[in-house]
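Along the sequence shown, residues carry numbers from 1. In listed order, ligands and their atoms are each counted from 1.
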Amino acid sequence: MIVATTLAELRSALAPRRDAPIAVVPTMGALHEGHLSLVTAARARAATVVLTIFVNPTQFTEQADLDAYPRALDDDLAKAGAAGVDVVFAPTAAEMYPTGFATTVSIAGPLTETFEGAVRGRAHFDGVATIVSKLLLAVLADTAYFGQKDAQQVAVVRRLVRDLGIPTEIVVVPTSRDDDGLARSSRNVRLTPADRVRALALPRALAAAARAVADGEQDAAALRAIAAHELDAAGLTPDYLAVVDSDGFAELDRLDRDAVLVVAARVGAVRLLDNVVLAPVTVSSDILDDRPVAAPTGSP
Ligand code: AMP
């Protein structure tokens, strides 16, 4: 496995491999099985898998969150090697943001101003869009793999790829969960044992709504109420809980388009995100598999 830390090293590692499909998996490191499920999906379709590891400072709107973000480069390299990654790109902040850096990719409109954009502030998705653009342009892969876990980020990435004409196909991989249903996240290591139990209300809430949809419920307010009930019972007050269309993140009244139920809640010291696809009315070819989440183990 090649470990590149500069754009020049990355380019020379990829130059001899460009005659066969290249896939890229962008991450912020502290790798877990969720990230590795992206690598596995990438491996299946590409001759060369590039994993990027970069804790992107510009998408953090709170310094304390950036400081507390887990970093584990040596472990990450071992996991990446075992998973069959060919090239790791782990640049420094100075490499990605050279002195005098002055260019931001900023997506206008509600997609970046609502939900995560509202809670974390405008700068969050500007930071995401800028770094993802830079990474996609640096690798120029055939395919790039992102997790459904960060549904709004997926919508942002799809938009920037379309708008900027970046010739990379975006592939979305279903959310990988622990056996108890909790969505895997680098932040989970900061949950206390008691908070980890409380956090299970998130997948329980999503599963309850998904079951209601399977039973015929189409009304967004009713679905929100079903999910809210589970969160209330665990004493969690969500930052948001909403049924939205998966492309533009506009709130829906009914499940008449591709819809996702999105939730974010602070559990102890950790902010957790989760979502479930409720109504994949049309399944685009670049979505591998967007099954609704199964009821987690132990849910009623
Ligand atoms: P992060 O390192 O948190 O920025 O995540 C890097 C990529 O892994 C993003 O595309 C995430 O959506 C994806 N990812 C993170 N957690 C999961 C998960 N539990 N299941 C699937 N993908 C995930």
Would you call [X] and [Y] a salt bridge, taking side-chain N to carboxylate O under 4.0 Å as the test?
X: Arg196; Y: Asp178; answer: yes
X: Glu169; Y: Arg45; answer: yes
X: Asp239; Y: Arg120; answer: no
X: Asp195; Y: Arg198; answer: yes

Stepwise, does the side chain to side chain donor-acceptor pair (under 3.5 Å) test hold for Asn56 with Tyr69?
CA-CA 10 Å; Asn56 175 37; Tyr69 201 83; over 6 Å; no
Do the non-hydrogen side-chain atoms of Arg17 and Asp86 ever get within less than 4.5 Å of each other?
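Side chain of Arg17 against side chain of Asp86, heavy atoms only: contact under 4.5 Å found.
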Measuring only between side-chain heavy atoms, which start at C-beta, is Leu140 closer than 4.5 Å to Pro167?
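Contact flag for Leu140/Pro167 side chains = yes.
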Note the single closest protein heavy atom to [atom], along with its residue, its atom name and the distance in Å.
atom: atom 4 (O) of ligand 1; value: Met28 CG, 3.6 Å
atom: atom 20 (N) of ligand 1; value: Ser176 N, 2.8 Å
atom: atom 10 (O) of ligand 1; value: Gly147 N, 2.9 Å
atom: atom 5 (O) of ligand 1; value: His35 NE2, 3.4 Å
atom: atom 12 (O) of ligand 1; value: Asp150 OD2, 2.6 Å
atom: atom 3 (O) of ligand 1; value: Tyr69 OH, 3.8 Å
atom: atom 7 (C) of ligand 1; value: Pro26 O, 3.5 Å

Please tell me whether Met28 and Val189 are part of a single hydrophobic cluster in this structure, the criterion being side-chain heavy atoms less than 4.5 Å apart.
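In one cluster with Met28: Val189, no.
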Identify, by atom number and element, the atoms of ligand 1 in contact range of [X], meaning under 4.0 Å from any of its heavy atoms.
X: Leu38; value: 7 (C), 8 (O), 10 (O), 13 (C), 21 (C), 22 (N)
X: Thr175; value: 20 (N), 21 (C)
X: Thr27; value: 2 (O), 6 (C)
X: Phe146; value: 10 (O)

Hey, does Ala30 sit under 4.0 Å from ligand 1 if you only count heavy atoms?
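No, Ala30 has no heavy atoms under 4.0 Å from ligand 1.
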Run the contact test for His32 against ligand 1 with a 4.0 Å cut-off on heavy atoms, strictly below, and give the result.
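Checking ligand 1 against His32, which is what was asked, there is a heavy-atom contact under 4.0 Å.
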Only one of Arg266, Arg187, Arg271 clears salt bridge (charged side-chain N to carboxylate O under 4.0 Å, His left out) with Asp65; which?
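Filter result, single survivor: Arg187.
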Do you know the tightest heavy-atom contact between Thr27 and His35?
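Heavy-atom minimum between the residues: CG2-CD2, 3.8 Å.
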Is it the side chain, the backbone, both or neither of Val154 that has a heavy atom closer than 4.0 Å to ligand 1?
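Looking at Val154 and ligand 1, no heavy atom falls under 4.0 Å.
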Candidate with minimal heavy-atom separation from atom 17 (C) of ligand 1, of Gln153, Gln59, Arg184
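Ranked by closest heavy atom to atom 17 (C) of ligand 1, first place is Arg184.
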